[in-house]
**Student:** 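I'd like to ask you about the structure that follows.
Atom set for the values below is all heavy atoms of this structure, side chains included, hydrogens, waters and symmetry mates excluded.
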Amino acid sequence: MELTVIGSGTVAPTAGRVAACHQVTAGPVRLMLDCGAGALHRAAALNLPWHQTTHVAITHFHVDHWGELAYFLLALRWGVEPARKRPLTVIGPRGLEARMVTLAATFGEWVQSPGYPLSIVTIEPGETLNLADGITLDATSTPHTAESVAYAVQTGQHRLVYTGDTGPSAELARWARGCDLLLCECSLPDNRAIDTHLTPAQAGTLARKAKARQLVLTHFYPPVESVDPVALAAQEFDGPITAAKDGSRFTIEETVPHGNRTNRSPRGYD
């Protein structure tokens, strides 16, 4: 399983980070986790085959997490040659179907009929979807908005958890327990902490309680970049920690015999 961080930022525009977007590749699955502003141009700059995406999974409906979806649907029809013919599945929490209807009323009926097969799938907390043979996506609630979910992608013994936006949550830690890689929001420094986002130390606490094998921090508002998020998270979590940048890449692979804590080792590179 491979993870590419396309957008490690937020709704706050910065030169180095576009809004939330991550790509997970596993077997035939090309899964885009969130689709925030700037994602497609960043993917093109990173030379990623964004047009090969098979699934998009939206964590919640704040604009920095799904604001580029309509553009993405149109780009698949008119922004590549030959135009897309293969199916695309868009997954999201409750309310997705109604919001797609609203997008179609705003931009045009092509949102729901873009010229290639489009499936809109609602996922409930506790539900598991089969993305392909042996590759699943499951969801759990997070304390951010009423509909917010975190996602876990699993293939064989490998499990990657993406928190989306979340506040501190013991339930999320239990659900994520033992994951190979925890892709975790890290929005604000301690002096600006709020209930619906995480500070670096809180992200470290989540990783420790989840017994994650590696922590990757993402979703940085500018104020959190005035501190050292890795050092602060390391006060709570003693495993490998990376502060993601747009373009950071990670691979989860077998490296040592089963039973060792690092038997499924995420390897990161930029």
Side-chain angles (χ1 to χ4, degrees), residues 1-14 17-26 29-46 48 50-73 75-76 88-96 99-100 103 111 120-123 125 129 131 137-153 160-167 172 176 181-187 196-198 203 216-221 244-250:
M1 191 186 313
E2 295 182 349
L3 165 68
T4 301
V5 177
I6 297 173
S8 57
T10 65
V11 73
T14 67
R17 301 185 190 275
V18 302
C21 186
H22 307 83
Q23 178 183 276
V24 176
T25 301
V29 172
R30 303 291 183 271
L31 169 65
M32 184 178 288
L33 294 169
D34 283 331
C35 189
L40 292 193
H41 284 84
R42 180 70 85 223
L46 295 170
L48 293 177
W50 57 269
H51 57 283
Q52 295 179 7
T53 299
T54 59
H55 302 77
V56 180
I58 303 299
T59 58
H60 64 293
F61 302 116
H62 283 165
V63 69
D64 56 328
H65 289 259
W66 89 307
E68 196 149 285
L69 180 62
Y71 172 43
F72 176 62
L73 298 177
L76 288 176
L88 178 73
T89 300
V90 177
I91 302 162
R94 65 179 70 96
L96 175 63
R99 283 171 170 81
M100 294 299 293
L103 284 183
V111 171
I120 306 300
V121 178
T122 297
I123 189 169
L129 300 178
L131 304 183
L137 180 76
D138 55 291
T140 194
S141 297
T142 64
H144 184 67
T145 66
E147 77 280 348
S148 293
V149 294
Y151 288 119
V153 185
L160 180 152
V161 169
Y162 171 47
T163 66
D165 283 2
T166 183
L172 177 59
L181 188 151
L182 179 63
L183 178 60
C184 185
E185 78 118 280
C186 181
S187 295
T196 54
H197 281 298
L198 296 178
V216 177
L217 304 173
T218 189
H219 201 261
F220 297 101
Y221 277 91
K245 301 180 293 186
D246 292 11
S248 293
R249 303 187 185 196
F250 305 85

**Student:** Would a 4.5 Å heavy-atom cut-off, applied to side chains only, mark D34 and Y162 as touching?
**Tutor:** yes

**Student:** If I take atom OG from residue S8 and atom NZ from residue K245, how far apart are they, to the nearest 0.5 angstrom?
**Tutor:**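 One finds 9.5 Å between OG of S8 and NZ of K245.
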
**Student:** Taking the side chain as every heavy atom from C-beta outward, state whether E185 and T59 have any pair of such atoms under 4.5 Å apart.
**Tutor:** no

**Student:** Should L183 and F250 count as side-chain neighbours, where that means a heavy-atom distance under 4.5 Å?
**Tutor:**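 No - every pair of side-chain heavy atoms lies 4.5 Å or more apart.
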
**Student:** Given V153, which partner from the list L137, L3, L181, V29 fulfils the side-chain contact (heavy atoms from CB on, under 4.5 Å) test?
**Tutor:**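 Exactly one pass, corresponding to L137.
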
**Student:** If we ignore angles and hydrogens, is there a donor and acceptor under 3.5 Å between the side chains of D64 and T10?
**Tutor:** no

**Student:** Nearest 0.5 angstrom please: E147 CD to R94 CZ, how far?
**Tutor:**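 Result: 8.0 Å between the selected atoms.
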
**Student:** Nearest 0.5 Å please: distance from the CD atom of Q23 over to the CH2 atom of W50.
**Tutor:**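 The CD atom of Q23 sits 12.0 Å away from the CH2 atom of W50.
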
**Student:** Would you mind telling me which of I91, I58, D138, L96 makes a side-chain contact (heavy atoms from CB on, under 4.5 Å) with I123?
**Tutor:**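 The option that passes is I91.
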
**Student:** Given H219 and H65, is the ring-ring contact (aromatic ring centres under 6.0 Å, His included) satisfied, shown in steps?
**Tutor:** CA-CA 10 Å; H219 201 261; H65 289 259; 5.0 Å; yes

**Student:** Cut-off 3.5 Å, side chains only: do H62 and T145 have a donor facing an acceptor?
**Tutor:** no

**Student:** Please report the interatomic distance OG1(T89) to CG(L129), rounded to the nearest 0.5 Å.
**Tutor:**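 If I round to the nearest 0.5 Å, the distance is 9.5 Å.
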
**Student:** Name the residue from L160, T163, V216 that meets the side-chain contact (heavy atoms from CB on, under 4.5 Å) definition with L182.
**Tutor:**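 The residue from L160, T163, V216 that satisfies side-chain contact (heavy atoms from CB on, under 4.5 Å) with L182 turns out to be T163.
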
**Student:** Hey, could you give me the CG/NE2 distance between L88 and H51, rounded to the nearest 0.5 Å?
**Tutor:** 13.0 Å

**Student:** Measuring from Y71:OH to H41:NE2, what's the distance to the nearest 0.5 Å?
**Tutor:**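 Between Y71 OH and H41 NE2, I get 4.0 Å after rounding to 0.5 Å.
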
